[in-house]
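Letters A, B, ... are given to chains in the order of the sequence lines, protein chains preceding strands, and every chain is numbered from 1.
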Amino acid sequence: MADIQLTTGICARLSNSENDDDELYNSQPVVQFLSFKRVPPSGGASTMDRYRVIVSDGEHFLQSMLATQLNHLVEEEQVLKHSIAVIEKFTCNLVQGKKLLIILAMRVLKKEAEKIGSPTPVQPRGGGSGPSVDMQPDTPTVPSPAPSTSVNTTSTPATVVPRAQPARQQTQAGRGGRSAIYPIESLSPYQNHWTIKARVTQKSDIRTWSNQRGEGKLFNVTLMDESGEIRATAFNAAVDEFYDRLQEGKVYLISKAKVNLAKKKFSNLNNEYELGLERSTEIEECTDATDVPTVKFNFVDIAGLQELPKDAICDVIGIVKEVGELSAITSKATNKEIPKRELTVVDKSGFSVRVTLWGKQAEQYNATDQPVVAFKGAKVGDFQGRSLSIMSSSSLYINPDIPEAHLLRGWYDSIGAEQTYQSHTNAMSNGGGVSFDRAEIMCLHDVKTSDMGLSDRVDTFCSRATIMHIRNENIAYPACPACGKKVVQMGDNWRCEKCDKSYPKPEYRYMISMAVADYSGQAWFSGFNDVGRTIFGMPADELIEIRERDDIKFNQVLERTIGSTYNFTCRARQDNFNDQTRVRYGISRILPLEYREEASYLANLLLRSEWSR
DNA sequence: CCCCCCCC
C-alpha cells in the first residue's frame, strides 16, 4: 500500500455535523487509531467489555467506541496503536451532550504505522467545550436503569442521558444487500434501512384477542443485543410467518420492521420503542452470534421475596422441589379455561415459594427430576405470603448453563436436598388471612395506648415480644377428641355435650395466658392449642401428664419458655367482665424467630441501601 | 391491532 491519506477534517465534521448529513454518513473516512482502552459493560443488558478508542485524522482527534463485534480486532491484535483503517460503517450517539462516534465496521489498511501529525482536540462550532477526550468511565449508549425489579423499584439512574439521536445510515446499504448493523439502542422511528443483530431472549405464546375493534392473534419476542433490549410484536399473518422461525435463544438479523412508540406501562423493558414485525420484515438467523450477549439475570433469593411489593417483577433461581400436576382454572374475566401448573422452588435462603406456570409453559413442563430452574421476569404475588407467577413476558430456563445454576446444583445435591424449607405461608400467614408482617409490628406501648380493640371491628396487630411469665393455672382443659370442645367427667368417662358422646379419655388442649414484653412495655396475651404446642414443644396431654406426675418438672417446663421471643399476630378485642371493660389480646398466630430469615432480611436491607446510594 | 397473565 503506497501512500495512505487520512481523511483530514473528518473529526471536526463528525463532531459538528447534523445527523441528517447523509453525505458524511456515506463517506468512508480513513483514520488513525491513537489509543485503545477496554471498558467494562455498563450494566443493563450489556454483558460485554467494549473498547473505547481515540481516532485521529491527522489534524484533530475524537473519542470513539468500537461496536462489540469489532472487539476481536483489538484482542487478536489485528489493529494496533497507530494503525490506519477505513471506517466502513459508523453511527453517532449523543452522550451527555457530546457526539460519540461508534465504529460498526472497519478495515485495517496499514497495521503498523507512525503517528501522523500532532492532532489536537476538536474545537466545536459555536464555542462551548469540545468533545472530551479523557477516558471517563461512561459508555456510548444510554445507560439502562439499574435493573430495578429485584431491588429498589423507585431508584432511577443517576445520570439521565439524552437518547441517541437517530443515527443515519449509509445508503450504499449495498454490499451484500444488507444495511449496516445498528445497535438496538439506536433504533428510532426516524430512520429506516437499519438491521439489528439480536438474540431472542423471550418468546410468548401465540395469543388471540377479540374485542370491539376486531379480533386477531399475536405474539411477542424480546430482542437483545449488547446495547439494550426491545420488544417486537407480530400480528396475524406475521404470526404465521415468524412464530416458528424465531426461537428463544437464537440470534437473528432483523430489518424492515416498523419502529413504534412503546406504551411504557405495558412493558418493563428499558426502551422507548418497540418493533412491529410485518410480512415484509426480513428475519435471517445468524449463526455467528458469539458477540451477542445472552440473558442477564438479577436474582433475588426466595427469602427476599417478602421484601418485594406485590406485582414486582423479579428474577429467581432455585431447585424445583415439587412439581404439581397439570390442572386448569377458569378465568373469571374471560370464562376461558387456562392450563396451570405449580412448582415448589427452594434455594439456599432456606425458603420455598410456589411458582405458577400458565398456558403452554404449564403444559410443556416435563422435568420430573429436581432441576435448577431460573425465571426471568416473574411476577410477585401475595397469595399465602408470597408466590410467583410466570407471565408470557417471563422466561423459564431449565438447568441453565450459568454459574449460579451450577453452584445451586452442587449445594442442593450435597446438603440442600436434606434440609427443610420455610414457606412464605408459614412465615407470614396462618392461611386465614391473618399474617405476620414485620412492617406491621407495633410495640406494646403503642398497642396499649392506641384504640386497638376499642371499636366494633376486630383489630389485628403484629408484635415481636418475649415471654416473661406463663400462668400455670388453667393451662389446659380436657377437650373432646372429635370437636375440641370442653368435656366433663361423668364417672369413668368424659362427655362431650356438643357431640353427644362419651370418651374414656379426654384430649387436653392448651389455654395459655402469658405475660409478654418488648422494649416498650408488657401485655397479657392469650392463646390456644397451637400456641402451647409452639412454646412447649409438646402436646397438652404430655404436659398435663408431667404436671400430675412431677410438679417440679412441670414448673421447670414452664420456666424454660421464659425469655424466648416470638413473632405474634394478635387480635385485640373488647371484653366485658364483672362490669369492667378491658381489651384482651388473643394470639392468632405465633412464629418462632427464624434466624436465617432475619439474617437474610438484614442482608437485603444492606444491599438495598448500597444500591440506592 | 395486544397490554390479559387469570384460580385457590
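- Side-chain rings of A:Phe297 and A:Tyr397 approach one another, their centers coming within less than 6.0 Å.
- Taking atom CD on A:Gln202 and atom C1' on B:dC5, their separation rounds to 12 Å, with Å as the unit.
- The CG atom of A:Asn335 sits 14 Å away from the C1' atom of B:dC4 (whole-angstrom rounding).
- Contact between the side-chain N/O atoms of A:Lys379 and the OP1/OP2 oxygens of B:dC6 is found at a separation under 4.0 Å.
- Contact check, A:Lys332 against B:dC8: a side-chain N or O comes under 4.0 Å of OP1 or OP2.
- Rounded to a whole Å, the CD1 atom of A:Ile313 is 14 Å from the P atom of B:dC4.
- Protein atom CZ of A:Arg279 is 19 Å distant from nucleotide atom P of B:dC1, rounded to whole Å.
- Below the 3.5 angstrom threshold, one finds a donor paired with an acceptor across the side chain of A:Arg354 and the base of B:dC8.
- Between A:Ser393 and A:Glu215, the residue anchored closer to the 5' end of DNA chain B is A:Glu215, taking for each the nucleotide with the nearest heavy atom.
- Residue contacts shown for A:Thr356 include a base, since a base heavy atom lies under 4.0 Å away.
- Between the P atom of B:dC8 and the CZ atom of A:Arg386 lies a distance of 20 Å, rounded to the nearest Å.
- Checked by distance alone, A:Arg207 brings no side-chain donor or acceptor within 3.5 Å of a matching partner on the base of B:dC3.
- With B:dC1, B:dC7, B:dC6 as the choices, the nucleotide that has an atom nearest any side-chain atom of A:Ser331 turns out to be B:dC6.
- Residue-to-nucleotide contacts include a donor-acceptor pair under 3.5 Å from the side chain of A:Ser392 to the base of B:dC5.
- Using cut-offs of 30° and 60° for the angle between ring planes, the A:His424 and A:Phe351 rings count as tilted.
- Scanning atom types as modelled, one donor and one acceptor separated by under 3.5 angstrom connect the side chain of A:Glu274 and the base of B:dC2.
- In this structure, A:Gln212 reaches neither bases nor backbone, as no heavy-atom distance under 4.0 Å exists between it and the strands shown.
- In this structure, A:Glu342 atom CD and B:dC5 atom P are separated by 17 Å, rounded to whole Å.
- Cation-pi geometry between A:Lys203 and A:Tyr243 is met: the NZ or CZ atom falls under 6.0 Å from the ring centre, inside 45° of the normal.
- No N or O donor and acceptor, one from the side chain of A:Lys263 and one from the base of B:dC3, sit under 3.5 Å apart.
- A:Trp209 has a side-chain polar atom (N or O) that falls below the 4.0 Å cut-off from OP1 or OP2 of B:dC2.
- Salt bridge absent: A:Lys250 and A:Glu248 never bring a charged side-chain N and a carboxylate O closer than 4.0 Å.
- Here B:dC5 presents its P atom at 16 Å from CD of A:Gln361, a figure rounded to the nearest Å.
- Taking the six-membered ring for Trp and the full ring otherwise, the centers of A:Phe219 and A:Phe242 sit at least 6.0 Å from each other.
- A:Tyr510 has its ring centre no less than 6.0 Å from the ring centre of A:Phe528.
- When rounded to the nearest whole Å, the span between CH2 of A:Trp358 and C1' of B:dC8 equals 9 Å.
- Here A:Arg213 reaches the OP1 or OP2 of B:dC2: one of its side-chain N or O atoms lies under 4.0 Å away.
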